[in-house]
Each structure stands twice: as C-alpha cells, then as structure tokens.
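Reviewing the structure listed below.
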Amino acid sequence: MTRQRKIKQIILLGMVLAALVLGSGCAKKQVDSQPSDLQAETAGEQAGETAMEREAAEEEALSEAEEYRLRQAEAAQREAEAEEESREAMREIIYFAFDSYELSPEAREALKEKAEVLENNPGIDLLIEGHCDERGTEEYNLALGERRARAAYEYLVLLGISPDRLSIISFGEEKPLDPGHTEEAWDKNRRAQFRITD
Amino acid sequence: MILVFSLYPPFQGSRSFIDLDKPVYEVELVNFPQKKPTSKAEKIPAKAPEKPKADTGLKKQVQPRIPKAPPPVEIAQKKKKQPAALKKKEDKPRKAPSTQAPPTPEKVLASAMADIEKNAQPEKREEPETPDYLAQALSDIKQDVKQRGPENPGSSGTSTRESLYGGLVEARIKENWRFPGIDDTTPLSAKVELRINSEGKILETTILDSSGRPDFDRSVKKAIAETRILPRPYNQRLQKIVISFHSQEL
Amino acid sequence: MKKIIFFLCTTILALSPFLPAQAQEAMHINIYGPGQKKINLLVSQALALQESGPAPDEVRDVEQTLYKNMEFLPFINIMQPEDILGGTELDGVTGKDIDFKRFALSRADLLLTLGWVQEGAGSVRVELRAFETFSGKLLVGRGYVITKPYQTVEAVNRFCAELMQKLTGRNGFFRSTLAFVRKNDGHKEIWTSTPQGRSLKQITDFKQYCLSPAWNWKGTMLAGTLVGDKKHELIIWSKKDKRLRRIQLAGNTIISPAFHPDGRLFISIDRYGNPDIYSLNAEFEVEQTEVKNWAIDISPQFDRKGENMVFVSSRLGNPHIFLLDLRTRKVKRISYEGKYNTNPDISPDGRYIAYSRRTPDGHRIIVHDLKTNTERQVTHGPGNDEDPAWGPDSYFLAFSSNRTGEYRIYLATRQGDETKMIPTGPGEATAPSWNPAVGR
C-alpha cells in the first residue's frame, strides 16, 4: 500500500513539476498595464501581443485548474486512505484469555488507535460487542461477554472518549467467528468487536 | 454384601441404571448380626472436620466408588479388617472416600461402570443359576472361615453360619422384591414373619408391622411369594424368620 | 431348696444368650431397598369388545402413545410379549376375565388392558385399565370417546397421569408443559411442547437470538431475553392472548429472567455497570435491588414457597451457586467442588438444587440435597450436560446435552436414573424451562 502511494506521489509531483515548467514557459505574471508612451506601437503588434497574452493566460488558467484538480484528487485520495485506516483501526478485534475480561497490551494498543480515530471523527459513535467461546454456559457467557465489552468501554472512556458515544452489547456465545470446536476456534471467538454507528 | 451386589440384574441396556443409593460398604452386613441399622455412622456429614481441603464445608455423598465385583476371595481380606474397621466406625463417622485424593470421580465412575457392565448378568440368569452361584460363594466362604477359625473365640461358629444364612435369605428375597423407587423422601418399613420348614420352603407369611402403605405391603408379600423357597436352613430348628423391609437403601 | 432353684433359674436365664443355637427358633433380617426399583409392566393386545373389522387407527395410536409414555418412566420396565407364558392375548379386559396368576408367574407386576368399540363413523370408544397382577386389583380404569385425532394423546396422557398418581403420588409429568430454545437457520426462537415431546409450538419469530425462556408459576406467561442486533430486550409472552411484548430496561444486558411464585419477575441487568439481580413490578419496572456487588450475579430461581432464591455469583473469583433466604437476606454457599458451577434450579418442594458443573470431561448435572447436605452427580455425558430444570414433581429433571454431537433436551431423575431424549424436532434445543403448573 505505502509503495503504491509513493509511486502515485512521484507521478503527481512529476505532473505538477511539468505543469509548472510548462506554465513558467508561457505563463507571465499578471499582465501589467502598459505605460502610455508605448501605446504608439502598432495596433497589429498590440493585437498580436494581446492574442499571445490571452493564449498564455488561458494556458496558465488551464494548468492552474489542472493543478487544482490534481491537488483535490490527491487530497481526496489521502482522505480516503486515512478513512480506510481509521476504519481498519476500528474494525480491529481485540482478544481475551479463557474465562477472563482483562485487556492485553495488544488490546490496549488497538484501543488507543480507536480512541484517536474517534477523536478525529467527532460525528461517529461506536457499538462495542462482547463475545465468548462455547465452553461455558449460555447465561454466564452473556455476562462474561458484557464484561469484555465493558472493559474496552472503560478504557476508551479513560482515554478521553465521551461515554455518550459508546454503547455495549453482549452476544455471549451466540455469534462465534469460528464455529469449530478446537482451541484455535475458541481463541478466535473470545473477543470484543467494534461497529461504527451514526 | 458383595454377593448380593453382583446378583442384581438392574442393568438395562448400555445406559445402565446405576443405583447410586447402593452403598459401597454392604460387606459388613453379612458378617455381623443386625441389631440396628448402621446407617447413621455411614452417612457422610457435611462439614466433617477431617476433610483436608482448604474450602471446607460440603461433603458430597460418595461419587459412588462402585467397586469392581471382586471374586469371593477378596471377601476374606475384607473380613480380616473387619474388627478394626468396625471399631473405627463406631468411634467416628466414616472418612469420605473423596479425601483420599482419588482419580476424578468421573473416571472412577466410568471405570466402575465399565467393570459392572462387563460383569452384568442378563435377566434370565436370575432363576436357575443363582443358587449355584450362591452355593459356590457360600462354600468358598465356609472354606475360608474354616481355615481361619472363628472370629470371636467366645461364640461358636454358629453365629457365623447364621449370619451367612441370613445374608443368603436376604439376597434371595431382595432379588424378587420390586418397588418403584420414585419416592425416597418418606421412608417406609414393614415387618413380616415367615414360617419355613426344614427344606426352606416358605409355609406362611404374616405381616407383623404394616408400613401404612398397602402398595408397599403388597410388594413385600409378593417378593416373598415369588421366592417360595429359601436356601436350606443351617439349623433344623430354624422355623421362623422375621424380615424388616425398608424402602430406603443405607 | 428354694434358694437353689432360684439360683439355678437365674443362672439359666443369665446364660441363655450363650446357650447353643439349638434353642434359637427365629432369626431377624433387614432388607434395605428393593432389588429392583422398576416394576414390570405388560401392555396386553388390544381387544375388540364387539364384533367388528380390524382395529381403527385410533386404537393403534392409543397403543403407541401408551408405550411411548411408559418408556419415559424410569421406574417402569416394559415387558416383551415373549416374556409372558401363554402370550399376551386376553379373553376380556375386565378383572373377572383375566387369569392374573399367569401374569404374576411371569413376574409382571402391572397389566394394562385396552378394549375398544367402533361407535359409528369417526367415533371410537376406548377402555383403558391398569391391574395389579398380584392382587388382581384394578388401579385405574377409564373410558374415552375419541372423535378427533388429537384426543388420542389427550386420553392416554390423562390415563397415564392417573396411573402415575396411583403408583407414585405424583402426576405432573403427563400434565405439564416445557418451554425451550430451538436453533434453526442460525436464529434462536422459543418453543413449547409437552415433556414427552408432543404438541410442538413455536412462540417467537424474531429471527434473532431468543434466550432463557422462563414460565411463571401459573403457567400463563413466558419471559425471555431477546438479543437483537444492537441491544437486549425483555420479552413477555402471554399464553391467553398470544401477545408478545418487548421491553427495554436500564443497562445494556438482560440475563436470566425468572418468575417468583408471587408473580414478580426477577432479572439480572447491568444497570450500574455490572450484572446484578433486581425484581420488577407488574409493569416490569425495576422495583427492588435483590443482589448487588462487584461480581457477576445472575440466574435466580425459586421454590414453590418463594422463600429461597438460588443464583450464580462470581464473588469468589469464578462462578458458584449460592442460596439467598429472601426473608433473612442471608446468603449460603452451595457449590464447593469445581471452578465453574452455573445454571442452578431449585426443586418446587424446596429440597433439592440441581446445577451444572464444568468438569474436565464436560459439564455435568449435580443434585444437591439441602436436607442432608450431600450431593450426587445425576448425568454422565458424554459431551456437555447443562441447564437442568425441575419438573413439578421434584423428581424429573429436563436438561440439554450435546452428547450426540448436537444439543437436544433430555430427561433425568433426581436419583440419577438413565436419561431419555425428548424429541423436539429439527435444530439444536437448549435452555428447557418446565411449567410448574399441572393440568395446563
């Protein structure tokens, strides 16, 4: 992803430079008003000059417009990438140990990133889902799922996110990511998941 | 009583009906005259002080250590321990098996169940084969007793024979006694007197003490009626047997 | 001289316990417990009471239903016709026509007879009788006129309930209702059926996850948890008008609703950031805090008197079973073994607590006797046995188990008898709740 970006940036730069070079070749600075004594020059010359100036001005305007469009595109591109990064940060799942709702260091890191995204995007809210593996019993797993979601919730609040923007739901063992009956599957299912709501 | 236990044919299919009420320590019943139920001593009390685990409190009832039905020889060994064991019993409540750090109760039960299923006898075996098995076991015990001599030097060997015979009678009648085991909350008891002849044939049955429940009384009478003949009495003068039937296991 | 005689007599008396056994004439024996805790039952061949053609379907249905019902009872052993000397055909269905001795000799304890008469098109009269072979006594005798298909099951259930009452003093098994959860197409809905697995009815259709159905004591309402896409809701179903209500409560999580005998609903919600137990009023608003602390407290259940509440708490670090005396507010610990004990249910008579303990081999159902303070394991897997629910007679237990690979509902008994599956149709079945009201 970053490599592609660099290439794009280089291309963009190249285009900008090219535009500048082309522009500087033809583009004049603002057409100054001529001093009066030079108005004696032939109309033809004047006309010719004006035509050239107009052309130059047009070209300048064109390349400026293009530059502007390019800059817009780049900005949009960056925005889209940033948004995708944010979404990724939000989508990231945090995992828990068996029968536990303690946040691991990885979980805390992930939550920090989420907090950042939330800060930068004041318009969005977050729904925190708590999940368990199948090994316990249904009702206790609903409670454990709630504790896991709440652990994430409390950490986010600690990081400065307003509780109004956060909500919790426990799915207990009802929605496993992996329906298998192995340690691997269970590891994947003991989690908190995050959904953007607005 | 080991003999009694292995005769029971309550095993229906692969999901065996395990009677978890059956006590492990029935052996004692055979060898000492029944003066009164010893159940009080056997009941595992809650919060028994000798439980070594950190969180005291509840003593669960025997995750039943249903023993493998051992061959009759083992009875001898157990008998040896009897006098000491009995004393212990009277002094303090029996130590719960769970304090001996056994394998998980689940495993014990599973292995015991497997053993029992191996040893399980089909229903038909009840009728003709039983006396042979009993006789075999009986003769083994008799032999064993002869070898070791009487236990209480004071009493004659008769008391042992009496106890043995009592055990045989109990086994035979119990085998034919069927009563739905749904209500174990109100214990029922009925006392019945049997008159027998020298061959062991039951001549007359009289209810001395009714249980108060006609269906229980009938079940008891039926058990005796179906038995019809008891093992030949060890003593020709034995003419009456009084049996107390209790709905509860020990 | 008198002195000598007196001395002799007392000596003899004193010595008499030591006199050789020849003088003994009676012996005393104790028998503790029957050799077989099942009685042998024989269902005789159906008999036409009047000249007629072949037996109509209703009669076949009655026979089948009778067999199926009896199979559920752990204290009944159904005999095979081959076990009966002289076969199972009868000359008549009443006592005077039956040679009971023949059946008693074959060790049959109970004899069921079925007589029928075709009374015009679409109407069959069926006579069911239960005899005790030992005495020839008629225990139950009933006649039923069947005009519609559903009536066969109803008739047999009533007969079996009476028979069970006669034999055991209880009749709840054949006249009560189960509620449970069934998973189909990835969703969980609440269903009801009889404890024999008949009259299956779907109650909810939210296409989400409906959990923890709970009957009220009159059998007129069901409560449950609806886990939707974004939140939990409490659902209340009214049997009378089939109405389903959805109610939101404070907090995010709704767990384990349960009705107290006085009609109040108890529930676990995380009002203050942690699942605690509250009681609600008739409008399902939070009325009183029942159990509140830093730990998870869930799964309340009550006995018929409503004096005791059993529940799960993680206050010791991991889930265990506790008993709350609702009057004194004293809490007593019930489970000591294992590290994960959940799903408690207290028997209607208040004496037994069944719960599910996680063992290295899977969850197992344990029954704790409050009177003797002892415990017994009543199921043995394999797989996981969870969620026990007492029947109205404090004898049967419904529970869910994945011993076959998929979760289904099974029946166990307080004494650990063999378990039987309750057929509930396709899809995993869990979370049984047994209506304590008898007679539906």
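Chain naming here is simple, since letters A, B, ... match the order of the sequence lines and numbering starts at 1 in each. Predicted model, so just to flag it, every value in this text is computed and none were measured.
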**Prompt:** Tell me, side chain or backbone of Tyr352(C) under 4.5 Å from chain B's heavy atoms, or both, or neither?
**Reply:** side chain
**Fill in**
All heavy atoms of Ala26(C) vs all of Leu238(B), minimum pair found to be C-CD1, 4.0 Å
**Taking every non-hydrogen atom, the tightest pair across Ser247(B) and Pro34(C)** = O-CD, 3.9 Å
**Side-chain heavy-atom pair Glu162(B), Met27(C) within 4.5 angstrom cut-off** = yes
**Complete:** Heavy atoms of Arg107(C) and Glu175(B) approach each other most closely as NH2-O, 3.9 Å
**Prompt:** Would a 4.5 Å heavy-atom cut-off, applied to side chains only, mark Asp109(C) and Lys222(B) as touching?
**Reply:** yes
**Prompt:** Is any side-chain heavy atom of Ile31(C) closer than 4.5 Å to a side-chain heavy atom of His246(B)?
**Reply:** no
**Message:** Taking Asp215(B) first and then Lys166(C), would you say they form a salt bridge - that is, a charged N and a carboxylate O separated by under 4.0 Å?
**Reply:** no
**Message:** At a 4.5 Å cut-off on heavy atoms, which part of Lys191(B) comes close to chain C: side chain, backbone, both, or neither?
**Reply:** side chain
**Request:** Determine yes or no for a side-chain-to-main-chain donor-acceptor pair under 3.5 angstrom, with Lys174(B) supplying the side chain and Tyr32(C) the backbone.
**Result:** yes
**Enclosure of Lys420(C) NZ (heavy-atom neighbours >12, cutoff 6.0 Å)** = yes
**Item:** Beyond-backbone contact of Arg218(B) with Ser135(C), side-chain heavy atoms, under 4.5 angstrom
**Value:** yes
**Complete:** Scanning both residues in full, the closest heavy-atom pair of Pro180(B) with Leu167(C) reads CG-O, 4.3 Å
**Prompt:** Relative to chain C, which segment of Ala225(B) carries a heavy atom at a distance below 4.5 Å: side chain, backbone, both, or neither?
**Reply:** side chain
**Asked** Are the side chains of Phe179(B) and Gln36(C) in touch, meaning some heavy atoms are under 4.5 Å apart?
**Response** no
**Asked** Can you find a pair of side-chain heavy atoms, one from His28(C) and one from Lys240(B), that are under 4.5 Å apart?
**Response** no
**Prompt:** So, do Ile29(C) and Val242(B) sit near enough that their side-chain heavy atoms are less than 4.5 Å apart?
**Reply:** no
